[in-house]
Structures are given as C-alpha cells and as structure tokens.
Amino acid sequence: MHLVYIVEDDANIREIESFALKNSGYEVADFSCAKEFYRELAKRLPDLILLDIMLPDEDGLCVLQKLRREALTKNLPIIMVTAKTTELDKVKGLDGGADDYMTKPFGVLELISRVKALLRRSVQEKEEVLTLKGIVLDTSRRQVYAGGVLCDLTYKEFELLHLLLLNAGIVLRRDLLMERVWGIDFEGSSRTLDMHIKTLRRKLGEEGVYIKTVRNVGYMME
C-alpha cells in the first residue's frame, strides 16, 4: 500500500483529500504545517507528497527546495497544491522540482487520477528498460529497438518516446508534452511537436502505429 503525506493548513481541504485517498486504497498521514511534516518525515519516508504552497510556518516552495537538496528525498514524487493561479507560480513550483501542479479548487477524481499517474510513472522511471508491443527502450544505454531493429533517434525523439511509454494508455496534452520535453520557456511553435511525432512514427516503422493522435488534445501511446 502506497503511503501519501498531505501537507495542507486548511482543515477542510486536508480532510477531503485524506478521505478520498484512503477510499482509493492509500495509506495517508496529514499535517497542518511544515514542522509536523518534517518530524514525521524523519521517521518514515512516503511514496508521494501533496504539498500546499501557503503554509503557516514555512512557504511550500522553500519546503520543496529543502526536499530536493536532501539525498533521501530528492526523488520523492511531489504534487504542489495551491490557490494561486498565475503562470509564474506554476513555473516556480515546476522549476523548483515539483513533479506536478494542481490549482484549487479541484475535483476528487482529478486528484486520484494525478496521484495514480505520478506513482505509476515513479515506479516505471526506476526501471532501466521499458517495453510495449515491439518497442524496447533502454534508458541506461539510451537505445530504442522497434521490431528488433535499432532506431537512430535524436535526443528529443528519445525523450518524447520515453514520456509516452511512461504514460502508456494516458492521453498527454500537447502543452504538457512541450513543457516536459522542450521546457517551460520554449518559445517555438507546437508544430515542432507534430513534426517530431511524425518523424518518430517513421523511425519506429510498423510499431509507430501505437502512437495515437487525440484530436484537439494531444497524443498517447496505445
């Protein structure tokens, strides 16, 4: 059973998040401030952290930075949660090392979906080799085989395929793909993504059909 830590000062929101996660089969511990969270973190590491930015005793972004500096916590999956909606707040959170970002108010189903996806991705990222149908991606050697044939992929093509494989069966929005592969500050056209997908499909040969276009949304690995 995965353990999730909730760091949230609003008692009502904390209770809703905790109830939803427990009902979905997760073990949960919740904290109203950073001090309580640090104390428990020293005893036991969670599998994922829901971290609010606005905490009474310490800014959530500062907490995030501390976690990313420590060897034991630098790779822990972290979802930032905040009432702030500006793009700058999101950029600060993601640049600071957050794996995902949720803006209040959000639905329970969205919360559970994001937690599941991040935990799944976290487990898969620890694996050196990802496979799907006839596609084999070796992260340690940065090699990709399709139908037994070695594919000559560029750096961006490899990263794009890696992200699609990690989220197989999940539709990835165009903006998310651009953000994760090209970076938040990328100023180029989203046409760049389409061209990379086209080339990636061609290089994968017959296995390229598993990259599906979801009209007006993005792409997914079937």
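Worth knowing before you read on, the calculation uses all heavy atoms, side chains too, and leaves out hydrogens, waters and symmetry mates. Note that the numbering runs from 1 along the sequence shown for the chain.
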* To do: Quick one: pull up NE2 in His2 and CG in Leu48 and give me the separation to the nearest 0.5 Å.
  => 9.5 Å
* Structure fact -> Heavy-atom nearest pair, Cys33 first then Val7, reads O-CG1, 4.2 Å
* Donor-acceptor contact present, side-chain Gln65 to main-chain Cys62, <3.5 Å -> no
* Can Arg174 be said to sit on top of Tyr219's aromatic six-ring, NZ or CZ under 6.0 Å from centre and within 45° of the ring axis? -> no
* Could you tell me whether Asp99 and Arg68 make a salt bridge, using a distance below 4.0 angstrom between a side-chain N and a carboxylate O? => yes
* Count the heavy atoms of every other residue, nucleotide or ligand shown that sit under 6.0 Å from NZ of Lys133, and state whether that count exceeds 12. => no
* Between the side chain of Ser24 and the main-chain N/O of Ala20, is any donor-acceptor distance below 3.5 Å? -> yes
* For the student: nearest non-hydrogen atoms of Leu204 and Cys151, plus distance -> CD2-SG, 4.1 Å
* Structure fact -> Distance col, row Ile49:CD1 vs Ile79:CD1, nearest 0.5 angstrom, shows 10.5 Å
* **Side chain proximity check, Val108 to Ile16, heavy atoms < 4.5 angstrom** => yes
* Joint cluster assignment, Leu200 & Leu176, ILVMFWY side-chain distance < 4.5 Å -> yes
* Heavy atoms, side chains only, cut-off 4.5 Å: are Leu67 and Leu41 in contact? -> yes
* Asked: Under 3.5 Å, side chain of His162 to main-chain N/O of Phe158, donor-acceptor pair present?
  -> no
* Within 6.0 angstrom of Asp152 CG, more than 12 heavy atoms from elsewhere -> no
* Residues, nucleotides or ligands: over 12 heavy atoms within 6.0 Å of Phe19 CZ -> no
* Structure fact -> Heavy-atom closest pair (Ala34 atom, Val63 atom, distance to 0.1 Å) is CB-CG2, 4.0 Å
* Asked: Does a salt bridge link Lys104 with Asp10, judged by any charged N lying under 4.0 Å from a carboxylate O?
  -> no
* **Stepwise side-chain contact (heavy atoms from CB on, under 4.5 Å) check, Leu164 with Leu130** => CA-CA 11 Å; Leu164 289 167; Leu130 300 176; over 6 Å; no
* Any donor-acceptor pair under 3.5 Å from Thr73 side chain to Leu76 backbone -> no
* More than 12 non-hydrogen atoms from neighbouring residues, nucleotides or ligands closer than 6.0 Å to NZ on Lys116, yes or no? -> no
* To do: Determine the minimum heavy-atom distance between Leu3 and Leu45, stating which atoms define it.
  => CD2-O, 4.0 Å
* To do: Check the surroundings of atom NZ in Lys35: do more than 12 heavy atoms from other residues, nucleotides or ligands lie under 6.0 Å from it?
  => no
* How far apart are the C-alpha atoms of Leu61 and Met80, what are their side-chain angles, what is the distance that settles it, and do they pass the side-chain contact (heavy atoms from CB on, under 4.5 Å) test? -> CA-CA 9 Å; Leu61 291 173; Met80 296 299 296; 4.1 Å; yes
* Asked: Under 3.5 Å, is there a donor-acceptor pair between the Tyr5 and Glu27 side chains?
  -> no
* To do: Check whether any side-chain heavy atom of Thr213 lies under 4.5 Å from a side-chain heavy atom of Arg201, and answer yes or no.
  => yes
* Asked: Is there a side-chain contact between Glu159 and Arg180, using heavy atoms and a 4.5 Å cut-off?
  -> no
* Asked: Is there a path from Leu118 to Phe106 through hydrophobic residues (I, L, V, M, F, W, Y) whose side chains come within less than 4.5 Å of each other?
  -> yes
* Asked: Do Val144 and Val136 come close enough that some side-chain heavy atom pair is under 4.5 Å?
  -> no
* Trace of the side-chain contact (heavy atoms from CB on, under 4.5 Å) decision for Glu8 with Phe31 -> CA-CA 6 Å; Glu8 166 66 61; Phe31 314 93; over 6 Å; no
* Roughly how far, to the nearest 0.5 Å, is NZ of Lys198 from CG of Leu193? -> 13.5 Å
* Sub-4.5 Å side-chain heavy-atom contact between Arg142 and Leu137 -> no
* Asked: Taking atom CG of Leu109 as the centre, does the number of heavy atoms from other residues, nucleotides or ligands within less than 6.0 Å exceed 12?
  -> no
* To do: May I ask you to decide whether Arg14 forms a salt bridge with Asp30, counting only side-chain N to carboxylate O separations under 4.0 Å?
  => yes
* Structure fact -> Distance col, row Ser18:OG vs Ile6:CD1, nearest 0.5 angstrom, shows 5.0 Å
* Are Leu50 and Leu21 side-chain neighbours, meaning at least one heavy-atom pair lies under 4.5 Å? -> yes
* Asked: Is a side-chain donor or acceptor of Thr199 paired with a backbone partner of Met195 at a separation under 3.5 angstrom?
  -> yes
* In Å and rounded to the nearest 0.5 Å, what is the CD1 to CG distance from Ile13 to Asp52? -> 7.0 Å
* To do: Find out if a path of hydrophobic residues (ILVMFWY) with successive side-chain heavy-atom gaps under 4.5 Å connects Leu160 to Val217.
  => no
* Kindly say whether Val4 contributes a backbone atom to a donor-acceptor pair with the side chain of Asp47 at under 3.5 angstrom? => no
* **Common cluster, Ile211/Val181, ILVMFWY with side-chain heavy-atom separation under 4.5 Å** => yes
* Should the pair Glu110-Arg114 be classified as a salt bridge under the 4.0 Å nitrogen-to-oxygen rule? -> yes
* Asked: Does any N or O in the side chain of Asp59 come within less than 3.5 Å of the main-chain N or O of Leu55, such that one atom is a donor and the other an acceptor?
  -> no
* What is the minimum heavy-atom distance between Leu177 and Trp182, and which atoms define it? -> O-CE3, 4.0 Å
* Asked: Got Glu157 and Thr154 here, is their nearest side-chain heavy-atom distance under 4.5 Å?
  -> yes
* Asked: At what distance, to the nearest 0.5 angstrom, does CZ of Arg173 lie from CG of Asn216?
  -> 14.5 Å
* Asked: Are Tyr145 and Glu207 close enough, and set up right, to give a side chain to side chain donor-acceptor pair (under 3.5 Å), and what steps lead you there?
  -> CA-CA 10 Å; Tyr145 288 84; Glu207 313 300 329; over 6 Å; no
* Asked: Would you say Tyr210 and Met220 are hydrophobically clustered, going by side-chain heavy atoms of ILVMFWY under 4.5 Å?
  -> no
* Shortest non-hydrogen separation from Gly60 to Leu51 and the atoms involved -> O-CD2, 3.5 Å
* To do: May I ask you to check whether over 12 heavy atoms, not counting those of Glu36, lie within 6.0 Å of atom CD?
  => yes
* To do: Take Glu17 and Leu111 through the side-chain contact (heavy atoms from CB on, under 4.5 Å) test and state the conclusion after the steps.
  => CA-CA 8 Å; Glu17 292 175 343; Leu111 169 65; 4.0 Å; yes
